[in-house]
Amino acid sequence: MLTQAQTKFQPFDYLLWFYDGAYTTEFAQSYTPAGSFGDLFNQMGELGGCGSQYVAVKEYENEIKERISELGSEEGDKYASIKCMANVLSVHLAINDADMFGSMPYSEAVQLRYGGTTTPKYDTQEELFTEWLAELNEDINTFKTATDQIQAGKNDIVYGGDLTKWLKYANGLKLKIAVRLLHQNRAQALKIAEEVGASDDNVMSGLADDYIYNRGTESTDGNNGDYAYQTGNSVNLGASSKNVIDFMKKNEDPRMLVMFTKNSYNAEVIQAFFDAQANGDTRCAVPQYILDNVVDSVGTDGHRYFKGWKGQGEPWVRYYGIPIGINMNDSADYIGDYNYFVTTRWQVTVGDAAKTYRPYSTFNEELVRGRCDFTFPTKPGGRTIQDTEDQPWYGMTMSTAEMNLYLAEFKTLGANLPKPASDYFNMAVRASAQEYNRLAELNKIPYYSAAQCYEGLDDQPVTYGSSEINEMMTHSDYQLSGDKASDLEKIYIQMYLHFYYQPIDQFVTVRRTGIPKVGSKLIPWVQMKPSNEIPRRFYQTQPTDADKMKEQLEAAFQEQGFTFCDGTSPSTLNTERVWYDKGAPNFGEGPNY
């Protein structure tokens with residue numbers, strides 16, 4: 001049952017990426033639609049599974065508890081740690097569920113088969129945090145002190161039953177709750193951080209501690225139940241933000257190489273554009289921002305020839321983002337020589353063969369889905385080079401980077417922790433780079449190795465090592481200076497980057513910190529609409545009389561001061577905040593602690 005709980009642990013299902021994450025990443029300005037933002041970008045359509053993801057794991061946790069109770073205390077006590085492992089997973093999902101909805105059933109939920117009710121009460125978010133912290137403290141105590149335990153071994157598909165790693169995971173969840181408490185109970189939040197940070201035994205410190213997991217090696221049919229490959233359906237959040245790409249490129253952050261895709265403009269493709277232009281095709285053109293990094297020459301035949309790359313060279317010169325803004329596709333600044341939107345100019349035709357090439361970087365689908373086919377860009381009529389092999393998918397939740405970024409934040413805010421904020425920060429940023437590199441290798445994303453870089457395309461692999469990470473850390477934007485305001489922004493920017501493939505956590509970071517902020521020299525916030533017109537939670541519509549939970553839901557909404565609405569009411573979803581979001585800064589305003 002523990003193994004099954006782990007396979008049901010699914011914070012990154014298809015619906016999250018197709019609906020929920022697609023909304024939050026646009027609200028957070030981490031991705032932009034390929035055709036630019038439209039006027040209605042702040043409105044939502046159908047929602048995904050966020051809000052009830054914990055249920056699938058809670059079912060197994062409760063069944064484990066029931067079976068243990070039937071064994072009697074002496075025999076049942078031997079399984080205490082296994083019960084706690086399942087609880088850690090339940091709490092993790094429940095935190096994200098409450099992030100976007102506030103109050104929710106928990107204490108009485110998923111209990112029907114054990115004599116419970118079909119209409120469980122809604123716990124307030126404050127009650128939920130209290131309950132989760134109590135459960136996690138019990139879990140941690142069990143992991144520390146329980147003796148004569150039945151060993152999970154390989155039935156624990158991530159940690160192999162190692163309780164020292166589960167203890168760190170549980171402490172990571174305590175920090176995840178603590179940062180959410182900062183605007184409501186700062187003293188308690190700091191106390192939690194001090195409890196966790198008091199011992200290195202509580203804190204993840206490398207890849208071996210991270211919860212990086214594959215949910216299974218067997219595939220099942222269906223769009224959403226594809227264990228080995230995560231999802232059968234394609235997902236894509238759009239184009240990368242130019243502000244983010246420019247920041248990471250300036251600071252030589254190698255995570256950029258794997259977090260996003262290379263564009264299509266390799267050496268062979270650029271030469272194909274030059275050849276087409278030499279043959280009289282005036283429609284096609286390489287965007288100027290790409291040409292700025294191209295070394296070329298004109299031959300005796302008058303033709304233009306690609307010779308190499310300027311600047312940072314391959315693979316760095318293959319990454320470009322799209323500017324953030326509304327209806328940028330109507331702006332002459334972005335459809336002329338610096339063309340981000342006119343796709344007909346990206347097409348090359350040779351005889352009957354035509355291909356359209358993408359000049360910007362996008363969401364890297366193979367980091368979230370193992371069943372992807374990738375076609376490497378080549379000239380029209382040229383070779384067809386593809387990667388069609390399905391790969392078991394690996395994802396990451398709680399990690400060394402996340403825990404240490406929280407500790408860096410708390411130290412900067414005044415928590416009594418044993419290390420300087422810079423120590424936690426440096427550990428976190430290095431770990432994040434190592435973690436993304438590991439995910440790239442495990443998921444075998446395009447260009448992850450030299451074997452995937454083909455002769456004549458002038459490609460270089462995107463994975464990296466300690467030298468690239470060391471170079472990244474030399475940049476001042478990746479170093480704390482001791483100035484509180486500056487350091488907090490740097491810490492929150494690193495959270496923003498690290499959570500790129502954990503979209504609910506990324507949105508929560510933006511929501512609670514006001515980072516990115518307007519006018520920043522790091523990653524600036526673009527004021528596309530007034531900040532009170534960007535939703536801060538997900539919506540719920542008025543329940544019908546047939547809904548058994550109507551009474552409970554209406555009471556919960558009244559208690560929270562919420563209005564039933566749909567996704568076309570962004571102002572309502574902004575001003576009516578979940579409990580822990582009350583008092584947090586508006587989008588783009590920066591921290592107000």
Side-chain angles (χ1 to χ4, degrees), residues 33-36 234 236 238-240 260-310 313-322 329 332 334-366 371-389 445-447 450-462:
S36 182
S234 180
N236 197 328
S240 309
F260 312 113
T261 62
K262 285 189 183 187
N263 72 4
S264 303
Y265 285 64
N266 58 30
E268 182 175 295
V269 168
I270 290 177
Q271 188 60 54
F273 273 89
F274 290 164
D275 293 345
Q277 291 170 333
N279 291 326
D281 187 346
T282 59
R283 298 167 298 174
C284 69
V286 178
Q288 186 61 46
Y289 50 85
I290 296 176
L291 284 178
D292 288 343
N293 283 313
V294 170
V295 177
D296 65 297
S297 64
V298 178
T300 56
D301 56 3
H303 287 193
R304 196 173 181 181
Y305 291 94
F306 176 89
K307 294 297 183 181
W309 297 105
K310 299 178 186 175
E314 253 275 357
W316 299 87
V317 291
R318 299 280 297 281
Y319 292 82
Y320 302 91
I322 288 183
N329 53 334
Y334 301 110
I335 59 177
D337 290 341
Y338 286 85
N339 171 34
Y340 289 94
F341 301 111
V342 184
T343 59
T344 54
R345 299 186 70 196
W346 305 336
Q347 185 177 87
V348 175
T349 302
V350 177
D352 295 332
K355 288 185 178 181
T356 300
Y357 301 93
R358 173 179 46 77
Y360 53 83
S361 299
T362 67
F363 174 79
N364 198 333
E365 186 178 11
E366 292 202 31
R371 181 171 285 157
C372 290
D373 293 342
F374 181 80
T375 301
F376 292 83
T378 56
K379 64 184 179 182
R383 300 167 291 172
T384 298
I385 306 173
Q386 291 183 303
D387 176 5
T388 60
E389 183 179 356
I445 67 170
Y447 307 105
Q452 281 195 315
C453 299
Y454 296 95
E455 184 179 358
L457 301 183
D458 197 34
D459 288 331
Q460 294 296 320
V462 296

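Keep in mind it's a predicted model, so treat the numbers as computed, not measured.
- Contacts classified as salt bridge (Lys or Arg N to Asp or Glu O under 4.0 Å) and involving residues 293-302 (residues at least two apart or in different chains) are given here: D296-R304.
- One finds the OG1 atom of T261 at 7.0 Å from the OH atom of Y319 (value rounded to the nearest 0.5 Å).
- Within the 4.5 Å cutoff, side-chain heavy atoms of W346 are placed close to those of N339.
- Contacts of E268 classified as salt bridge (Lys or Arg N to Asp or Glu O under 4.0 Å), with partners at least two apart in sequence or in another chain: R383.
- Screening residues 342-364 for salt bridge (Lys or Arg N to Asp or Glu O under 4.0 Å) gives no qualifying pairs among residues at least two apart or on separate chains.
- Under the side chain to side chain donor-acceptor pair (under 3.5 Å) criterion, Y289 pairs with no residue at all, not counting sequence neighbours.
- Considering only residues two or more places apart in sequence or on other chains, D281 meets the salt bridge (Lys or Arg N to Asp or Glu O under 4.0 Å) condition with R283.
- Using modelled atom types and a 3.5 Å distance limit, the side chains of N266 and Y454 yield no donor-acceptor pair.
- Taking OG of S264 as the start and CZ of F376 as the end, the distance is 11.5 Å to the nearest 0.5 Å.
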Kindly determine whether R318 and Q460 satisfy side chain to side chain contact (heavy atoms under 4.5 Å, CB included), including the steps that lead there. CA-CA 10 Å; R318 299 280 297 281; Q460 294 296 320; over 6 Å; no
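- A heavy-atom distance below 4.5 Å is not found between the side chains of T384 and T378.
- Considering only heavy atoms from C-beta on, P315 stays 4.5 Å or farther from Y447 through its side chain.
- Here the OH atom belonging to Y360 is positioned 12.5 Å from the OH atom belonging to Y340, to the nearest 0.5 angstrom.
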When you look at V462 and I445, which way does the side chain to side chain contact (heavy atoms under 4.5 Å, CB included) test go after all the steps? CA-CA 9 Å; V462 296; I445 67 170; 4.1 Å; yes
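- To the nearest 0.5 Å, the span separating SG on C372 from CG on D387 amounts to 9.5 Å.
- Between W309 and V295, the closest side-chain pair of non-hydrogen atoms is not below 4.5 Å.
- For Y265, there are no side chain to side chain donor-acceptor pair (under 3.5 Å) partners two or more places apart in sequence or in a different chain.
- Residues I290 and I270 meet the side-chain proximity criterion, which asks for heavy atoms closer than 4.5 Å.
- Counting only heavy atoms from C-beta outward, the side chains of Y357 and N263 never approach each other to under 4.5 Å.
- The shortest non-hydrogen separation linking A267 to D458 is CB-CB, 3.4 Å.
- Between K310 and D292 there is no side-chain heavy-atom pair separated by less than 4.5 Å.
- Closest heavy-atom contact between F260 and N364: O-ND2, 3.7 Å.
- Between Q277 and A285, the closest heavy-atom pair is NE2-CA, 3.6 Å.
- No side-chain heavy atom of L291 sits less than 4.5 Å from a side-chain heavy atom of F273.
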